[in-house]
Number of protein chains: 2
Amino acid sequence: MPKKSTIYEVAHRSGVSTATVSRVMVNGAGASDATRQRVLTAARDLGWVPNGSARSLAVRRTGIVGLLFPELGTSGDSESDSPLFVDQVIRGAERAATSAGNAVLIAATRSAAGRDLAWSLASKVDGLVILAGSLSDTDLASIARSVPVVALATPSATPSARQKLEVVDADNRDGAQQLTRHLVDVHGYRDIAFIAGPARSPDSDQRFIGYRQALQDADLCVPDAPDAHGDFTEEGGERAMHELVVGRDTPPRAVVVGNDQMAMGAMSVLRSRQLRVPGDVAVTGFDDISAARHLRPALTTVRQPMREMGEAAVRMVLERVAEPSAPSRSLVLPTQVVVRRSCGCPAALTTSARKKP
Amino acid sequence: MPKKSTIYEVAHRSGVSTATVSRVMVNGAGASDATRQRVLTAARDLGWVPNGSARSLAVRRTGIVGLLFPELGTSGDSESDSPLFVDQVIRGAERAATSAGNAVLIAATRSAAGRDLAWSLASKVDGLVILAGSLSDTDLASIARSVPVVALATPSATPSARQKLEVVDADNRDGAQQLTRHLVDVHGYRDIAFIAGPARSPDSDQRFIGYRQALQDADLCVPDAPDAHGDFTEEGGERAMHELVVGRDTPPRAVVVGNDQMAMGAMSVLRSRQLRVPGDVAVTGFDDISAARHLRPALTTVRQPMREMGEAAVRMVLERVAEPSAPSRSLVLPTQVVVRRSCGCPAALTTSARKKP
DNA sequence: CGACTTCGAGTAAGCGGTTACGTAGTTAAG
DNA sequence: CTTAACTACGTAACCGCTTACTCGAAGTCG
């Protein structure tokens, strides 16, 4: 690179002051046409890229929002476990940011080192959106004291933290409830098992609560705890389903699985045991990742508006940046059950059941 | 937010100069233990987050690398067409950046507005990695004159631009060639059609070239142009396959499709015409997106090391940033064919054929 | 035709860090 | 005891851009 040029060189080359150059670049106004042209030409000739740091320093705004998320596949190599969830959120965040003239700075926390990363990110951005699992609750709270933060999918945030924190989440509870109700009402299943995610996953908890609610509404027996736990990966789903099937005399008539990836694992276990889905055992997932549509049978699941969550989160930080003293709000986005074949519905019925009418 | 504090306040509160505070923060050294503690405490008490812009300005380095990619789904709403390719690249880039103490700033160019976005990105980063299709060749070249840039999957870059540009790509040609060879050698197919991507896609071109090479090596008739074109989406694949089948008396024995998403569309068209895959028509894809494994039949395809591409690209920009005058290199990463059922191989054979022995 | 705007453009004071350089005060060496 | 070499820390000059003021010139108006 031929040593970066500065605004001074541009100013000198076009025979004006730096102030004028600056005016021309930021808002075409404040200069005569002739001057503007001279400046523009000089800038182009020099290949001048204004220094963003200097600009940010002067205007006290970086035009960047940070996105912190957890890198789950700690194992490293496995490509399969990529949680599409994060990717969608990233895309949504990018969209909202770009359309507001900002950009998104991303970083993934891997085991432990998260705290430092978070602070280093914080120093470079106007605001932060932090995905569940990236940071401990206390770190989250303390960082939120210094920078506008919105937490994504983190309903667990302690009340005290809530004061400074904004939260965006999907209605996991309602989604699971609608889904389970579909199983009960439409298909008449009564023996419905639940495979949960990791023990301390708020998402998984919410889904379990919704599931229980539906059972209770139907006057069915309501279990205290999930029938099995997985870790949200396909392998975890296999293990959980295996455990579940082995632990019982007869398999359940249906099983509500904590997310799509585990549901995929679960289905393959059933298949290998000669149990037909949905004929013998109906299976449902959660998330509606793109693979869900292509499974055979296609997976009935609950769609989370992942993209929208990313967008909303970014919009909220930006609003907070613009208006730091506004009261902090929370946002719960609706989920939607997507009926496909794995629950026992016919192929034709690809429509999606909407929320409570 | 209780008005951000500065290094001056920290310095004052701990009774030292800003220089000392700075020294403590950057490298724990250069100060006595007692002083260090006082500074650290003061910083924590104030919830001080050093201003990244000021720091970057002073050290002339942002610690950020930009990633520019095209947002393909111009239509907007459709979620399905999200090319997982980009997501993987993002993840790879993030990984390489974070492990080097940097972060990734992402932005997607949507139709046309790309140029401005690119420059605004450029002003905020140390270097840029730009995905194919984000920018016109001329814009690419001109921006590469002012900032270190590595282009991803952009073999088309004009020779002149090459001088300043670094390029990372996957060996699309070789992948397609190996794949086609597999079809010919292992399965003995002779009538093999090709469904290409968008007309001006370098990736698609390379794949077509590899396909032709394999046919030529086998002394089969070598077509001048692809049998049909799609746009890399599932719908595009459906249209292309439809066109292809309708345009011929008998369907081809096998068809090499430009990417996985189109292959999925193609397969559903075949199915709806009562043609069995792979019994009547074998189908292959390209990319190895996660859905490929879950299709029925599972899709034989070519894996691109998308994550590695993202990592490599970021590493290369960072090296260029550190050593601006080094000669620019290019990198072509190997691809790998992944044999599954859609080509006609038995279920058991889930292994992957490696590159030329 | 003098007073009042309006407009184009320059001056210079920051923005919040970093760091070369300078200076006591200590310790080690001669 | 003098001198050299550290060590711990302060001073102040940047880094490159924005923007509140200023100011002269040109246009407006009663």
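Since we're looking at a predicted model, the values are computed, not measured.
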Answer yes or no: is there a side-chain heavy-atom contact under 4.5 Å between [X] and [Y]?
X: A:Arg13; Y: A:Val39; result: no
X: B:Ile64; Y: B:Lys124; result: no
X: A:Glu94; Y: A:Ile106; result: no
X: A:Thr98; Y: B:Arg110; result: yes
X: A:Val129; Y: A:Val168; result: no
X: B:Arg91; Y: A:Asp87; result: yes

Describe the nucleic acid contact of A:Gly52 in one word from base, sugar-phosphate, nothing, applying a heavy-atom distance below 4.0 Å.
nothing
Could you tell me whether A:Thr35 contacts a base, only the sugar-phosphate backbone, or nothing, with contacts defined as non-hydrogen atoms closer than 4.0 Å?
sugar-phosphate
Rounded to whole Å, how long is the line connecting atom CG of B:Asp126 with atom P of D:dG16?
14 Å
With respect to the phosphate group of C:dA9, does any side-chain polar atom (N or O) of A:Ser32 fall under 4.0 Å of OP1 or OP2?
yes
Show, in sequence, the C-alpha distance, side-chain angles and deciding distance for A:Glu166 and A:Arg315, and conclude whether the salt bridge (Lys or Arg N to Asp or Glu O under 4.0 Å) test is met.
CA-CA 11 Å; A:Glu166 315 216 55; A:Arg315 261 199 301 272; over 6 Å; no
Taking side chain to side chain contact (heavy atoms under 4.5 Å, CB included) as the definition, give me every residue that meets it alongside A:Thr18, ordered by chain and number, with sequence neighbours left out.
A:Ile7, A:Tyr8, A:Ala11
Where protein sits on nucleotides 13-19 of chain C, one letter per nucleotide: B base, S sugar-phosphate only, - none, heavy atoms under 4.0 Å:
-BBBBBB
When the C1' atoms of the five terminal pairs at each end define the local axes, what inter-axis angle does the helix from C:dC1-D:dG30 to C:dG30-D:dC1 show, to 10 degrees?
40°
